[in-house]
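Dumping the structure here so I can ask a few things about it.
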Amino acid sequence: MNATTTMSLSLSGADSVGVSAGQSSVQAGYGISLTDMSGFHEAIARAEAGAGSTLQAQPVQAMGEGMQALFKPLEHINAEAVSLEEHAQAAMAAGNDMTPGEMVMLTVRAHEFLFHSQLTANIANRTSDGLQQLFRQQA
């Protein structure tokens, strides 16, 4: 097969529900193989055979210590955001104008939150870059 050749997959009546009227095949482009087509048809057959069965819920495993350590900075940022939002909501609900000192403190807390967010994102990006470099070196 060359790059311009397309393969036509025929669909049975039940499979062609999503196909528009007058069109009875799906066009597959470059890179499809007979193995891909065979695997696709087997997957459809397995899905149709198990259509009457229901999926069973699987229990979720508790996070390990490593995952908890990864989420700790994000939880801290989330707690800061909630605290900042509660402070702003309380100031708005009071109905009084904020004093200049309160406005400065709210601004400082917002900037502190922004700093922590940027710091966490920077650490995550550098960690990701380091892992990618490590995988490249080991490959």
Taking E102 for the side chain and T99 for the main chain, is one N or O donor matched with an acceptor at less than 3.5 Å?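 It does hold such a pair.
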Could you tell me the separation between the CD atom of Q138 and the CD atom of Q133, rounded to the nearest 0.5 Å?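 The CD atom of Q133 is 11.0 Å from CD of Q138, to the nearest 0.5 Å.
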Pair I123-R126, side-chain contact (heavy atoms from CB on, under 4.5 Å): steps then yes or no: CA-CA 5 Å; I123 291 169; R126 291 190 184 268; 6.0 Å; no
Is M103 reachable from L114 through a run of hydrophobic residues whose side-chain heavy atoms are each under 4.5 Å from the next?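 L114 does not cluster with M103.
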Polar side-chain atom of S128 near backbone of A124 as donor-acceptor pair, under 3.5 Å: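 Such a contact is absent between S128 side chain and A124 backbone.
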Should F113 and M105 be regarded as members of a common hydrophobic cluster, given that ILVMFWY residues are connected when their side-chain heavy atoms come within less than 4.5 Å of each other, either directly or indirectly?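 They do not share one cluster, since no chain of ILVMFWY contacts under 4.5 Å joins F113 to M105.
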Which atom of P73 lies closest to which atom of T120, heavy atoms considered: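 Answer, listing the atom of P73 first, then T120: CB-CG2, 4.2 Å.
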By the rule that ILVMFWY residues connect when side-chain heavy atoms come within less than 4.5 angstrom, directly or transitively, which residues belong alongside F71?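 Other cluster members: M63, M67, L70, L74.
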Answer yes or no: does atom CD of Q132 have more than 12 heavy-atom neighbours from other residues, nucleotides or ligands under 6.0 Å?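 Yes, because the 6.0 Å sphere around CD of Q132 holds more than 12 heavy atoms from other groups.
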Can you tell me how far the CZ atom of R46 sits from the CD atom of E42, to the nearest 0.5 Å?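 Taking CZ in R46 and CD in E42, the distance rounds to 6.5 Å.
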Just wondering, are more than 12 heavy atoms of other shown residues or ligands nearer than 6.0 Å to CG in D97?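 Counting neighbours around CG of D97, 12 or fewer heavy atoms of other residues, nucleotides or ligands fall under 6.0 Å, so no.
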Could you state the interatomic distance from CE (M98) to CG (L106), rounded to the nearest 0.5 Å?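 CG of L106 is found 4.5 Å from CE of M98.
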For H116, check side chain to side chain contact (heavy atoms under 4.5 Å, CB included) against everything at least two apart and list the hits.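 Result, side chain to side chain contact (heavy atoms under 4.5 Å, CB included) vs H116: H76, I77, E80, E112.
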Atom pair NE2/OG of H41 and S38 - distance to nearest 0.5 Å: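 Rounded to the nearest 0.5 Å, the NE2-OG separation comes out at 8.0 Å.
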